[in-house]
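Fair warning: this is a prediction, and the values are worked out from it, not measured in the lab. Below, chain A is the first sequence line, B the second, and so on; all start at residue 1.
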Amino acid sequence: MSQTHHATDETLMRYAAGTLAAAPAIVVKAHLASCPACRARVATYEALGGALLEDIEPTPLSATALNDVLALLDDEDDAAVAVPPPLAPVEIEGIRLPEALRGCDIGRWRWIGPGMKMSRVGVPQDPDANLILLKVGPGRALPDHGHVGTEFTYIVSGSFTDRFGTFRPGDLAEMDDDVEHQPVVDTDGECICLAAMEGRMRFKSVIGRMLQPIFGI
Amino acid sequence: MYEASSPVVLEIPPAFAAGRRLAVVSSIDTPQMPTPDVLAGLMMQVARDRDRQAFALLFRHFGPRLKTFFLRWTISSGVAEDLVQETMLTVWRKASYFDPARAGVATWIFTVARNIRIDHLRRQRDPSTLPPDPEEAPETVEDGLLGAERDAQVRHALTALSTEQQTIIRLSYFSEKSQTEIADELGIPLGTVKSRTRLAMNRLRALLEDQP
Ligand SMILES: [Zn+2]
């Protein structure tokens with residue numbers, strides 16, 4: 001399936017360079033799994049990292065560095081190669097979630113307003129990460145907000161529409177801090193999405209203010 | 001340091017030395033620099049034959065570069081050497097995951113070092129956290145470009161950028177600095193950093209799409 005809404009080049013470069021924070025990196029990774037075009041661009045940015053590594057000024061290593069590593073290879077070869085067990089699907093209450101969330105701590109759905117549930121996702125790499133799953137009923141608006149940093153939203157199922165268009169499963173919505181937008185879930189079904197914030201969210205609506213304690217604002 | 005007297009050229013199996021197009025690299029590489037094809041040959045020897053001599057040559061080439069890479073992240077010299085060791089041990093352990101159709105050796109080792117740096121940050125924050133996730137299954141490559149060719153093309157494209165553009169790209173890859181901090185460091189307005197980054201990326205994309 002080819003996607004309509006993609007990550008920006010700057011985001012893909014930061015993903016390839018390893019400088020994107022853990023939560024946005026998970027959301028981007030979810031999109032990459034369904035988007036060959038962005039995967040190809042990440043491959044190019046990784047190759048750019050390889051080229052920069054080749055061109056970097058070498059720093060001499062300690063005299064024993066090579067022999068130290070060669071001595072360790074023996075242990076590596078002796079270590080039995082463990083066959084990883086088959087992986088259980090990543091899901092929340094029976095709903096299949098992106099592989100990118102594997103290893104994350106996914107809580108239960110919590111009611112946060114009429115037709116709206118949320119699950120806070122714990123990211124082992126980053127205890128301060130702002131990563132959530134949202135489930136919003138048909139025709140309902142997502143929490144009204146502006147944000148301090150860039151917001152990344154991956155659509156797991158269903159769809160929503162804002163002034164930038166309609167976002168469908170596999171799409172990535174990347175909204176800069178100066179953007180105010182009001183996504184509304186399309187009327188044909190509920191929408192589940194995975195959202196990460198780089199900075200803190202500023203909620204304006206009543207429901208939004210109910211979310212604020214959860215984000216620790 | 002990769003010395004001019006290094007025997008690396010003599011070490012490549014003929015299968016890797018012959019029949020591959022080297023034109024793109026020869027114009028930008030100094031004579032003692034192993035080409036992406038040579039590196040891919042060494043990496044395949046490590047993967048297939050567990051060849052320690054080939055591994056040692058890769059270590060001599062990439063070890064000192066990886067050390068600079070880690071030093072750029074304000075990691076102390078001793079820790080940087082440990083992370084070089086960890087990177088190269090991972091290269092040995094996961095050599096069978098190296099897919100020459102997917103990435104060049106420099107690119108693959110860059111991604112290994114990048115992940116080790118991220119894990120190092122994680123361990124610093126919380127020493128109790130577990131080791132990194134299991135290796136993912138390789139993704140399919142959509143374009144037919146061989147990794148070594150792409151590495152050569154990207155290096156070539158990089159040299160075609162202006163010094164200012166190269167500086168900004170380097171800072172984006174080798175530091176956690178935001179564009180605002182990069183602007184402060186270079187003493188230029190944020191808008192200039194943003195436009196230079198965008199220009200550099202457009203330029204790179206155009207140069208790469210120009211390739212046959
Ligand atoms: Zn995409």
Heavy-atom pair of closest approach, residues A:Cys191 and A:Ile155:
SG-CG2, 4.4 Å
Between A:Thr59 and B:Pro64, is there a side-chain heavy-atom distance shorter than 4.5 Å?
no
Bottom line for B:Val105: the part with an atom under 4.5 Å from chain A's heavy atoms is neither
Closest non-hydrogen contact found for A:Gly107 with A:Ser119 is O-OG, 3.2 Å
Which heavy-atom pair separates A:Ala7 from A:Thr11 by the least distance, and what is that distance?
CB-CG2, 4.4 Å
Which one, B:Ala113, B:Ser175, B:Ala106, B:Ala80, leads in non-hydrogen pairs under 4.5 Å with chain A?
B:Ala106
Given heavy-atom pairs under 4.5 angstrom as the criterion, report whether the side chain, backbone, both or neither of B:Ala56 touches chain A.
both
Can you spot which of B:Phe110, B:Phe70, B:Phe69, B:Trp73 makes a ring pair (Phe, Tyr, Trp, His ring centres under 6.0 Å) with B:Phe174?
B:Phe69
Could you tell me which portion of A:Glu99 (side chain, backbone, both or neither) has an atom closer than 4.5 angstrom to a non-hydrogen atom of chain B?
neither
Examine whether an atom of B:Arg117 lies under 4.5 Å from a heavy atom of chain A, and if so say whether it belongs to the side chain, the backbone or both; otherwise answer neither.
side chain
Among A:Thr44, A:Leu52, A:Thr19, A:Asp55, single out the residue with the greatest number of heavy-atom pairs under 4.5 Å to chain B.
A:Leu52
Do you know which of B:Gln166, B:Arg93, B:Arg170, B:Met88 has the most heavy-atom pairs with chain A at a distance under 4.5 angstrom?
B:Arg93
Side chain, backbone, both or neither: which part of B:Ser77 has a heavy atom under 4.5 Å from chain A?
neither
Find out whether A:Pro98 and A:Val27 are in side-chain contact, i.e. whether some heavy atom of one side chain is under 4.5 Å from a heavy atom of the other.
no
B:Ser172 portion near chain A, given a 4.5 angstrom heavy-atom threshold:
both
Specify which of A:Ile56, A:Asp68, A:Asp126 makes the most heavy-atom pairs with chain B at under 4.5 Å.
A:Ile56
Max heavy-atom pair count under 4.5 Å with chain B, selected residue of A:Ala65, A:Ala22, A:Gly50, A:Ala43
A:Gly50
Checking B:Leu66 against chain A: side chain, backbone, both or neither under 4.5 Å from a heavy atom?
both
Taking atom NZ of A:Lys135 as the centre, does the number of heavy atoms from other residues, nucleotides or ligands within less than 6.0 Å exceed 12?
yes
Identify the heavy atoms of B:His61 and B:Leu39 that sit nearest to each other, and give their distance.
CD2-CD2, 4.0 Å
Scored by heavy-atom pairs under 4.5 Å with chain B, the best of A:Ala37, A:Ala33, A:Gly49 is A:Gly49
Paired with A:Leu97, the side-chain contact (heavy atoms from CB on, under 4.5 Å) test is passed by just one of A:Leu194, A:Val121, A:Ile106, namely A:Ile106
Flag the one option from B:Arg72, B:Arg198, B:Met201 with the top tally of heavy-atom pairs under 4.5 Å to chain A.
B:Met201
